[in-house]
Amino acid sequence: MQIARPRGTRDILPEEALRWRQIEDLIHHLCRLYGYGEIRTPVFEATELFLRGVGEATDIVEKEMYTFQSKGQRGRSLTLRPEGTAPVARAYLENNLHARPQPVKLYYFGPMFRYDRPQAGRYRQFHQFGAEVLGTDHPAADAEVIALAMAFFKALGLDGLQLQLNSIGCPLCRPVMREKLVEYFSVRVAECCPDCRQRFSRNPLRLLDCKEKVCREVGSQAPNPVDCLCPGCGEHFRQVRRYLDLMRLPYTLNPRLVRGLDYYTKTAFEIIVPGAGAQDAVGGGGRYDGLMQAIGGRAVPGVGFALGLERTLRLMEKQSASPEVPGPTVFVASAGETQDVVTKLVGDLRAAGLAADRDYMGRGLRAQMRYAQKLKAAYVLLAGEEELQRGRVILRDMQTGEQKEIRLEDAVNVLRAVAGK
Ligand code: HAM
(Lines give C-alpha, C1' and ligand atoms only; values in the text may rest on other atoms or scores of the structure.)
Protein backbone atom coordinates (compact mmCIF):
# COMPACT_ATOMS: atom_id res chain seq x y z
CA MET A 1 0.00 0.00 0.00
CA GLN A 2 1.25 3.43 -0.87
CA ILE A 3 1.87 5.63 2.12
CA ALA A 4 0.05 8.95 2.23
CA ARG A 5 0.94 12.09 4.16
CA PRO A 6 -0.77 12.48 7.55
CA ARG A 7 -4.21 14.11 7.48
CA GLY A 8 -4.22 17.84 7.86
CA THR A 9 -0.72 18.30 6.47
CA ARG A 10 0.40 19.58 3.08
CA ASP A 11 3.27 19.21 0.66
CA ILE A 12 4.52 22.50 -0.71
CA LEU A 13 5.67 21.99 -4.29
CA PRO A 14 8.16 24.23 -6.10
CA GLU A 15 5.63 26.65 -7.65
CA GLU A 16 4.01 27.28 -4.29
CA ALA A 17 7.35 27.26 -2.47
CA LEU A 18 8.27 30.34 -4.49
CA ARG A 19 5.29 32.16 -3.02
CA TRP A 20 6.30 31.07 0.46
CA ARG A 21 9.76 32.40 -0.11
CA GLN A 22 8.39 35.76 -1.22
CA ILE A 23 6.28 35.89 1.91
CA GLU A 24 9.19 34.93 4.13
CA ASP A 25 11.34 37.62 2.50
CA LEU A 26 8.63 40.16 3.16
CA ILE A 27 8.40 39.08 6.81
CA HIS A 28 12.13 39.58 7.35
CA HIS A 29 12.10 42.88 5.49
CA LEU A 30 9.10 44.32 7.36
CA CYS A 31 10.31 43.18 10.76
CA ARG A 32 13.61 44.89 10.14
CA LEU A 33 11.76 48.10 9.30
CA TYR A 34 9.78 47.84 12.53
CA GLY A 35 12.81 46.92 14.64
CA TYR A 36 12.03 43.28 15.49
CA GLY A 37 14.71 40.61 15.79
CA GLU A 38 14.10 37.02 14.76
CA ILE A 39 13.77 34.27 17.34
CA ARG A 40 13.72 30.54 16.62
CA THR A 41 12.49 28.29 19.41
CA PRO A 42 12.20 24.47 19.43
CA VAL A 43 9.31 22.82 17.67
CA PHE A 44 8.51 20.90 20.86
CA GLU A 45 8.40 22.11 24.43
CA ALA A 46 7.57 20.78 27.89
CA THR A 47 3.80 20.12 27.92
CA GLU A 48 3.55 22.10 31.15
CA LEU A 49 4.44 25.28 29.27
CA PHE A 50 1.19 25.15 27.30
CA LEU A 51 -0.91 23.85 30.21
CA ARG A 52 0.09 26.87 32.24
CA GLY A 53 0.63 29.35 29.42
CA VAL A 54 -2.27 28.76 27.06
CA GLY A 55 -4.55 27.51 29.86
CA GLU A 56 -5.97 24.13 30.83
CA ALA A 57 -9.55 25.00 29.97
CA THR A 58 -8.84 25.99 26.36
CA ASP A 59 -9.67 23.98 23.23
CA ILE A 60 -5.98 23.90 22.38
CA VAL A 61 -4.96 22.22 25.62
CA GLU A 62 -8.06 20.08 26.03
CA LYS A 63 -8.28 18.66 22.55
CA GLU A 64 -5.65 19.82 20.13
CA MET A 65 -2.18 19.14 21.47
CA TYR A 66 0.19 16.57 20.03
CA THR A 67 1.62 15.35 23.29
CA PHE A 68 4.06 12.49 23.68
CA GLN A 69 6.35 10.95 26.23
CA SER A 70 10.03 11.55 25.62
CA LYS A 71 12.30 8.53 25.60
CA GLY A 72 14.27 7.46 28.65
CA GLN A 73 13.12 6.15 31.96
CA ARG A 74 11.72 9.35 33.28
CA GLY A 75 10.61 10.56 29.88
CA ARG A 76 9.08 14.00 30.23
CA SER A 77 5.81 14.89 28.62
CA LEU A 78 6.53 16.95 25.53
CA THR A 79 4.19 18.73 23.11
CA LEU A 80 4.57 19.90 19.54
CA ARG A 81 4.06 23.64 19.85
CA PRO A 82 0.46 24.62 19.07
CA GLU A 83 1.40 28.31 19.11
CA GLY A 84 4.44 30.54 19.50
CA THR A 85 3.74 33.02 22.29
CA ALA A 86 4.28 30.78 25.33
CA PRO A 87 7.57 29.46 23.83
CA VAL A 88 8.78 33.03 23.17
CA ALA A 89 7.87 34.03 26.74
CA ARG A 90 9.77 30.99 28.04
CA ALA A 91 12.79 31.89 25.91
CA TYR A 92 12.67 35.48 27.19
CA LEU A 93 12.83 34.27 30.78
CA GLU A 94 15.30 31.45 30.22
CA ASN A 95 17.76 33.61 28.26
CA ASN A 96 17.50 36.56 30.66
CA LEU A 97 16.27 38.86 27.94
CA HIS A 98 14.96 41.14 30.68
CA ALA A 99 18.59 42.15 31.21
CA ARG A 100 18.58 43.74 27.74
CA PRO A 101 17.20 47.19 27.00
CA GLN A 102 13.42 46.95 27.09
CA PRO A 103 11.21 46.29 25.31
CA VAL A 104 12.52 43.23 23.53
CA LYS A 105 10.83 42.98 20.12
CA LEU A 106 10.86 39.54 18.55
CA TYR A 107 9.33 37.81 15.54
CA TYR A 108 9.09 34.23 14.39
CA PHE A 109 8.01 32.19 11.45
CA GLY A 110 7.45 28.47 11.54
CA PRO A 111 5.19 25.44 11.79
CA MET A 112 2.65 24.99 14.58
CA PHE A 113 0.65 21.84 15.33
CA ARG A 114 -2.95 21.45 16.42
CA TYR A 115 -5.00 18.29 16.29
CA ASP A 116 -8.28 19.52 14.88
CA ARG A 117 -10.76 18.33 12.28
CA PRO A 118 -9.08 19.27 9.01
CA GLN A 119 -11.10 21.40 6.62
CA ALA A 120 -10.50 24.24 4.19
CA GLY A 121 -8.18 26.67 5.96
CA ARG A 122 -7.63 24.41 8.95
CA TYR A 123 -4.65 22.11 9.14
CA ARG A 124 -2.91 20.02 11.73
CA GLN A 125 0.44 21.42 10.73
CA PHE A 126 0.22 25.07 9.73
CA HIS A 127 2.55 28.04 9.69
CA GLN A 128 2.45 31.25 11.63
CA PHE A 129 4.26 34.54 11.34
CA GLY A 130 4.18 36.06 14.80
CA ALA A 131 5.61 39.12 16.54
CA GLU A 132 5.84 39.89 20.24
CA VAL A 133 6.82 43.01 22.17
CA LEU A 134 7.98 42.05 25.65
CA GLY A 135 8.67 44.30 28.59
CA THR A 136 6.27 47.21 28.10
CA ASP A 137 2.60 47.80 28.73
CA HIS A 138 2.58 51.01 26.71
CA PRO A 139 -0.58 51.14 24.57
CA ALA A 140 1.49 52.37 21.60
CA ALA A 141 3.12 48.91 21.58
CA ASP A 142 -0.32 47.34 21.08
CA ALA A 143 -0.92 49.72 18.19
CA GLU A 144 2.53 48.99 16.75
CA VAL A 145 2.04 45.24 16.54
CA ILE A 146 -1.36 45.77 14.92
CA ALA A 147 0.23 48.18 12.44
CA LEU A 148 2.89 45.59 11.60
CA ALA A 149 0.28 42.88 10.98
CA MET A 150 -1.77 45.19 8.77
CA ALA A 151 1.33 46.36 6.87
CA PHE A 152 2.12 42.72 6.11
CA PHE A 153 -1.30 42.08 4.55
CA LYS A 154 -1.17 45.36 2.67
CA ALA A 155 2.25 44.58 1.20
CA LEU A 156 0.86 41.26 -0.01
CA GLY A 157 -1.73 43.20 -1.98
CA LEU A 158 -4.69 41.89 0.05
CA ASP A 159 -7.93 43.84 0.25
CA GLY A 160 -11.02 43.91 2.40
CA LEU A 161 -9.52 42.66 5.65
CA GLN A 162 -11.18 43.82 8.81
CA LEU A 163 -9.43 44.54 12.08
CA GLN A 164 -11.66 43.66 15.01
CA LEU A 165 -10.78 45.04 18.38
CA ASN A 166 -11.82 44.51 21.97
CA SER A 167 -10.51 44.78 25.51
CA ILE A 168 -11.07 41.95 27.95
CA GLY A 169 -9.60 43.58 31.04
CA CYS A 170 -7.19 42.44 33.71
CA PRO A 171 -7.44 40.35 36.90
CA LEU A 172 -8.96 43.43 38.53
CA CYS A 173 -11.96 43.75 36.20
CA ARG A 174 -12.28 40.10 35.19
CA PRO A 175 -14.23 39.04 38.33
CA VAL A 176 -16.80 41.77 37.65
CA MET A 177 -17.12 40.61 34.03
CA ARG A 178 -17.38 37.03 35.13
CA GLU A 179 -20.07 37.74 37.67
CA LYS A 180 -22.19 39.67 35.19
CA LEU A 181 -21.82 36.99 32.54
CA VAL A 182 -22.61 34.15 34.94
CA GLU A 183 -25.70 36.02 36.04
CA TYR A 184 -26.78 36.54 32.43
CA PHE A 185 -26.03 33.06 31.09
CA SER A 186 -27.09 30.99 34.11
CA VAL A 187 -30.75 31.16 33.09
CA ARG A 188 -30.21 29.93 29.54
CA VAL A 189 -26.96 27.99 29.54
CA ALA A 190 -28.86 24.71 29.19
CA GLU A 191 -29.77 25.76 25.63
CA CYS A 192 -26.12 26.28 24.65
CA CYS A 193 -23.87 23.81 22.81
CA PRO A 194 -22.13 21.11 24.91
CA ASP A 195 -18.82 22.98 24.74
CA CYS A 196 -20.36 26.15 26.12
CA ARG A 197 -22.15 24.26 28.86
CA GLN A 198 -18.70 23.10 29.96
CA ARG A 199 -17.09 26.49 29.50
CA PHE A 200 -19.79 28.16 31.56
CA SER A 201 -18.32 27.28 34.95
CA ARG A 202 -14.67 27.52 33.91
CA ASN A 203 -14.56 30.58 31.69
CA PRO A 204 -17.92 32.20 31.00
CA LEU A 205 -16.21 34.84 28.85
CA ARG A 206 -15.70 32.20 26.18
CA LEU A 207 -19.46 31.85 25.73
CA LEU A 208 -19.40 35.22 24.03
CA ASP A 209 -17.42 34.14 21.01
CA CYS A 210 -18.87 30.68 20.37
CA LYS A 211 -19.62 30.32 16.66
CA GLU A 212 -22.67 28.02 17.20
CA LYS A 213 -25.94 29.60 16.14
CA VAL A 214 -27.84 28.74 19.33
CA CYS A 215 -25.07 30.14 21.51
CA ARG A 216 -24.99 33.35 19.48
CA GLU A 217 -28.71 33.70 19.99
CA VAL A 218 -28.53 32.98 23.70
CA GLY A 219 -25.69 35.49 24.09
CA SER A 220 -27.21 38.21 21.92
CA GLN A 221 -28.09 40.46 24.89
CA ALA A 222 -25.11 39.49 27.06
CA PRO A 223 -23.31 42.19 29.03
CA ASN A 224 -20.46 43.86 27.21
CA PRO A 225 -16.98 43.16 28.72
CA VAL A 226 -15.87 46.70 27.85
CA ASP A 227 -18.52 48.10 30.21
CA CYS A 228 -16.85 46.24 33.08
CA LEU A 229 -13.30 47.53 32.53
CA CYS A 230 -11.51 49.02 35.54
CA PRO A 231 -10.33 52.64 35.10
CA GLY A 232 -6.78 51.52 34.20
CA CYS A 233 -7.93 49.10 31.49
CA GLY A 234 -10.49 51.58 30.18
CA GLU A 235 -7.81 54.23 29.76
CA HIS A 236 -5.40 51.74 28.16
CA PHE A 237 -8.06 50.76 25.64
CA ARG A 238 -8.81 54.42 24.82
CA GLN A 239 -5.12 55.02 24.22
CA VAL A 240 -4.75 51.98 21.95
CA ARG A 241 -7.66 53.28 19.86
CA ARG A 242 -6.20 56.77 19.78
CA TYR A 243 -2.87 55.45 18.47
CA LEU A 244 -4.66 53.37 15.84
CA ASP A 245 -6.55 56.49 14.76
CA LEU A 246 -3.29 58.42 14.60
CA MET A 247 -1.86 55.77 12.32
CA ARG A 248 -5.05 55.81 10.24
CA LEU A 249 -5.73 52.15 10.91
CA PRO A 250 -9.46 51.54 10.80
CA TYR A 251 -10.96 48.97 13.18
CA THR A 252 -14.33 47.58 14.16
CA LEU A 253 -15.13 47.22 17.85
CA ASN A 254 -16.32 43.70 18.55
CA PRO A 255 -17.41 43.27 22.18
CA ARG A 256 -17.83 39.54 21.51
CA LEU A 257 -14.18 39.02 20.65
CA VAL A 258 -12.64 36.98 23.43
CA ARG A 259 -10.02 34.74 21.76
CA GLY A 260 -9.40 31.12 22.56
CA LEU A 261 -6.24 31.36 24.66
CA ASP A 262 -6.33 32.11 28.38
CA TYR A 263 -3.33 34.40 28.59
CA TYR A 264 -4.96 37.52 27.19
CA THR A 265 -5.46 40.68 29.21
CA LYS A 266 -6.68 44.08 27.97
CA THR A 267 -6.30 44.34 24.18
CA ALA A 268 -7.60 41.47 22.04
CA PHE A 269 -7.82 41.64 18.26
CA GLU A 270 -8.43 39.55 15.21
CA ILE A 271 -7.96 40.19 11.53
CA ILE A 272 -10.75 38.60 9.58
CA VAL A 273 -12.02 38.19 6.06
CA PRO A 274 -15.67 39.26 6.32
CA GLY A 275 -18.03 36.60 5.02
CA ALA A 276 -15.40 33.86 4.79
CA GLY A 277 -17.20 31.57 7.25
CA ALA A 278 -15.85 29.62 10.19
CA GLN A 279 -12.14 29.88 9.36
CA ASP A 280 -12.37 33.61 8.73
CA ALA A 281 -9.48 34.72 10.93
CA VAL A 282 -6.22 35.24 9.11
CA GLY A 283 -4.59 36.44 12.29
CA GLY A 284 -5.13 37.34 15.89
CA GLY A 285 -3.37 38.55 18.96
CA GLY A 286 -3.47 40.76 21.98
CA ARG A 287 -1.85 41.67 25.25
CA TYR A 288 -0.79 39.07 27.81
CA ASP A 289 0.52 40.83 30.90
CA GLY A 290 0.10 37.75 33.12
CA LEU A 291 1.67 35.09 30.89
CA MET A 292 5.24 35.26 32.18
CA GLN A 293 4.10 34.81 35.76
CA ALA A 294 1.78 31.98 34.76
CA ILE A 295 4.79 30.05 33.45
CA GLY A 296 6.80 30.70 36.61
CA GLY A 297 8.69 33.86 35.72
CA ARG A 298 8.72 37.45 36.84
CA ALA A 299 5.93 39.82 35.86
CA VAL A 300 6.70 41.03 32.35
CA PRO A 301 3.99 42.56 30.18
CA GLY A 302 3.72 41.61 26.52
CA VAL A 303 1.67 42.07 23.39
CA GLY A 304 1.78 40.41 20.00
CA PHE A 305 0.07 38.61 17.15
CA ALA A 306 0.28 35.53 14.96
CA LEU A 307 -0.91 35.31 11.37
CA GLY A 308 -1.86 32.07 9.66
CA LEU A 309 0.11 31.74 6.46
CA GLU A 310 -1.93 28.98 4.78
CA ARG A 311 -5.03 31.14 5.16
CA THR A 312 -3.12 34.16 3.91
CA LEU A 313 -1.96 32.27 0.82
CA ARG A 314 -5.46 30.98 0.12
CA LEU A 315 -6.75 34.50 0.27
CA MET A 316 -4.02 35.75 -2.05
CA GLU A 317 -5.04 33.11 -4.56
CA LYS A 318 -8.68 34.04 -4.23
CA GLN A 319 -7.98 37.72 -4.73
CA SER A 320 -5.27 37.09 -7.35
CA ALA A 321 -3.13 39.33 -5.18
CA SER A 322 0.57 39.53 -5.71
CA PRO A 323 3.07 40.90 -3.25
CA GLU A 324 4.84 44.14 -3.93
CA VAL A 325 8.34 42.98 -4.73
CA PRO A 326 10.62 45.90 -4.06
CA GLY A 327 12.96 46.55 -6.98
CA PRO A 328 16.55 47.71 -6.67
CA THR A 329 16.98 51.17 -5.24
CA VAL A 330 19.21 52.07 -8.12
CA PHE A 331 19.94 50.70 -11.58
CA VAL A 332 23.19 51.75 -13.20
CA ALA A 333 22.65 52.21 -16.93
CA SER A 334 25.55 52.86 -19.23
CA ALA A 335 26.44 53.53 -22.81
CA GLY A 336 29.79 53.09 -24.53
CA GLU A 337 33.05 51.94 -23.00
CA THR A 338 32.00 52.36 -19.40
CA GLN A 339 32.08 48.82 -18.02
CA ASP A 340 34.81 49.48 -15.46
CA VAL A 341 33.02 52.49 -14.01
CA VAL A 342 29.71 50.60 -13.90
CA THR A 343 31.28 47.61 -12.17
CA LYS A 344 32.93 49.80 -9.56
CA LEU A 345 29.88 52.00 -9.05
CA VAL A 346 27.49 49.08 -8.52
CA GLY A 347 29.99 47.57 -6.06
CA ASP A 348 30.27 50.86 -4.13
CA LEU A 349 26.50 51.32 -4.00
CA ARG A 350 25.98 47.80 -2.66
CA ALA A 351 28.77 48.25 -0.12
CA ALA A 352 26.93 51.37 1.08
CA GLY A 353 23.83 49.26 1.76
CA LEU A 354 21.89 50.23 -1.36
CA ALA A 355 20.24 47.59 -3.52
CA ALA A 356 21.83 48.13 -6.93
CA ASP A 357 21.72 46.36 -10.26
CA ARG A 358 23.05 46.69 -13.81
CA ASP A 359 22.84 45.25 -17.31
CA TYR A 360 24.87 42.26 -18.46
CA MET A 361 23.27 41.65 -21.84
CA GLY A 362 24.72 44.48 -23.88
CA ARG A 363 21.32 46.19 -24.11
CA GLY A 364 21.19 49.61 -25.70
CA LEU A 365 20.47 52.60 -23.48
CA ARG A 366 16.73 52.63 -24.21
CA ALA A 367 16.43 48.90 -23.59
CA GLN A 368 18.33 49.36 -20.31
CA MET A 369 15.84 52.01 -19.23
CA ARG A 370 12.95 49.66 -20.04
CA TYR A 371 14.73 46.90 -18.12
CA ALA A 372 15.22 49.21 -15.11
CA GLN A 373 11.52 49.97 -15.24
CA LYS A 374 10.65 46.28 -15.30
CA LEU A 375 12.90 45.69 -12.30
CA LYS A 376 11.00 48.53 -10.57
CA ALA A 377 14.18 50.46 -9.85
CA ALA A 378 13.51 53.64 -7.88
CA TYR A 379 16.43 55.53 -9.48
CA VAL A 380 18.66 55.14 -12.49
CA LEU A 381 22.23 56.36 -12.61
CA LEU A 382 23.08 56.97 -16.23
CA ALA A 383 26.76 56.67 -16.95
CA GLY A 384 27.28 57.95 -20.48
CA GLU A 385 30.74 58.24 -22.01
CA GLU A 386 30.43 61.95 -22.54
CA GLU A 387 29.27 62.70 -18.97
CA LEU A 388 31.91 60.41 -17.51
CA GLN A 389 34.63 62.36 -19.28
CA ARG A 390 33.48 65.34 -17.25
CA GLY A 391 33.39 63.17 -14.10
CA ARG A 392 29.59 63.29 -14.04
CA VAL A 393 26.61 60.91 -14.18
CA ILE A 394 22.88 61.56 -14.62
CA LEU A 395 20.54 60.71 -11.78
CA ARG A 396 16.97 59.97 -12.85
CA ASP A 397 14.06 59.61 -10.44
CA MET A 398 12.00 56.87 -12.06
CA GLN A 399 8.78 57.94 -10.42
CA THR A 400 8.80 61.62 -11.36
CA GLY A 401 11.04 61.36 -14.43
CA GLU A 402 13.19 64.22 -13.10
CA GLN A 403 16.86 64.14 -14.07
CA LYS A 404 19.93 65.99 -12.93
CA GLU A 405 23.65 65.73 -13.37
CA ILE A 406 25.71 64.89 -10.32
CA ARG A 407 29.41 64.30 -9.77
CA LEU A 408 30.40 60.67 -10.12
CA GLU A 409 32.31 60.80 -6.86
CA ASP A 410 29.19 62.05 -5.05
CA ALA A 411 26.89 59.40 -6.53
CA VAL A 412 26.88 57.01 -3.56
CA ASN A 413 26.25 59.78 -1.03
CA VAL A 414 23.56 61.46 -3.12
CA LEU A 415 21.75 58.14 -3.50
CA ARG A 416 22.11 57.41 0.17
CA ALA A 417 20.49 60.74 0.89
CA VAL A 418 17.62 60.45 -1.61
CA ALA A 419 16.96 56.81 -0.72
CA GLY A 420 16.94 57.70 2.97
CA LYS A 421 19.85 55.42 3.97
P1 HAM B 1 -4.47 32.02 17.24
O2 HAM B 1 -5.65 32.92 17.02
O3 HAM B 1 -4.73 30.73 17.93
O4 HAM B 1 -3.43 32.89 18.07
O5 HAM B 1 -3.77 31.72 15.87
C6 HAM B 1 -3.39 32.77 15.02
C7 HAM B 1 -3.71 32.43 13.59
O8 HAM B 1 -3.15 31.17 13.22
C9 HAM B 1 -5.19 32.26 13.29
O10 HAM B 1 -5.82 33.51 13.10
C11 HAM B 1 -5.17 31.44 12.01
O12 HAM B 1 -4.96 32.28 10.89
C13 HAM B 1 -3.94 30.58 12.20
N14 HAM B 1 -4.36 29.22 12.61
C15 HAM B 1 -4.70 28.80 13.85
N16 HAM B 1 -5.03 27.48 13.84
C17 HAM B 1 -4.91 27.07 12.55
C18 HAM B 1 -5.10 25.82 11.88
N19 HAM B 1 -5.48 24.71 12.54
N20 HAM B 1 -4.89 25.78 10.53
C21 HAM B 1 -4.50 26.88 9.86
N22 HAM B 1 -4.29 28.07 10.43
C23 HAM B 1 -4.49 28.18 11.76
C24 HAM B 1 -2.21 32.43 18.49
O25 HAM B 1 -1.71 31.41 18.12
C26 HAM B 1 -1.51 33.39 19.42
N27 HAM B 1 -0.21 32.82 19.79
C28 HAM B 1 -1.35 34.75 18.78
C29 HAM B 1 -0.62 35.73 19.63
C30 HAM B 1 0.67 36.11 19.53
N31 HAM B 1 -1.13 36.41 20.64
C32 HAM B 1 -0.21 37.19 21.17
N33 HAM B 1 0.89 36.99 20.50
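For ligands, and for the atoms within them, numbers begin at 1 and follow the listed sequence. In this chain, numbering begins with 1 at the start of the sequence shown.
- Both the sub-6.0 Å distance and the 45° axial angle are not jointly satisfied by R32 relative to the ring of Y36.
- Nearest to atom 32 (C) of ligand 1 by heavy-atom distance, out of G130, G304, G121, G283, is G304.
- Atoms of ligand 1 found under 4.0 Å from any heavy atom of Y288 (numbered from 1 in listed order, with element): 32 (C), 33 (N).
- Set against the non-hydrogen atoms of A281, the atoms of ligand 1 under 4.0 Å away are 10 (O), 11 (C), 12 (O).
- A side-chain donor from one of E132 and T85 sits under 3.5 Å from a side-chain acceptor of the other.
- For atom 13 (C) of ligand 1, the closest non-hydrogen atom of the protein is G308 CA, 3.6 Å.
- At least one heavy atom of Q128 sits less than 4.0 Å from an atom of ligand 1.
- Counted by atom type alone, Q293 and R298 present zero donor-acceptor pairs between their side chains at under 3.5 Å.
- In this structure, V282 counts as a contact residue of ligand 1, since one of its heavy atoms falls inside 4.0 Å of the ligand.
- Scanning the protein heavy atoms around atom 14 (N) of ligand 1, the nearest turns out to be F126 CE1, 3.5 Å.
- Residues Y251 and Q162 bring no donor and acceptor atom of their side chains to less than 3.5 Å of each other.
- Residue contact check: Y264 has heavy atoms under 4.0 Å from atoms 26 (C), 28 (C), 29 (C), 31 (N), 32 (C) of ligand 1.
- In E132, the part holding a heavy atom less than 4.0 Å from any atom of ligand 1 is the side chain.
- The shortest N/O to N/O separation between E310 and ligand 1 does not fall below 3.5 Å.
- Both the sub-6.0 Å distance and the 45° axial angle are not jointly satisfied by R396 relative to the ring of Y379.
- Checking only distances, R114 does come within under 3.5 Å of ligand 1, N or O to N or O.
- Looking at E270 next to ligand 1, no N or O pair under 3.5 Å apart turns up.
- For the pair F269 and N166, the minimum side-chain heavy-atom distance is 4.5 Å or more.
- The nearest protein atom to atom 19 (N) of ligand 1, hydrogens excluded, is given as Y123 O, 2.8 Å; this is a heavy-atom distance.
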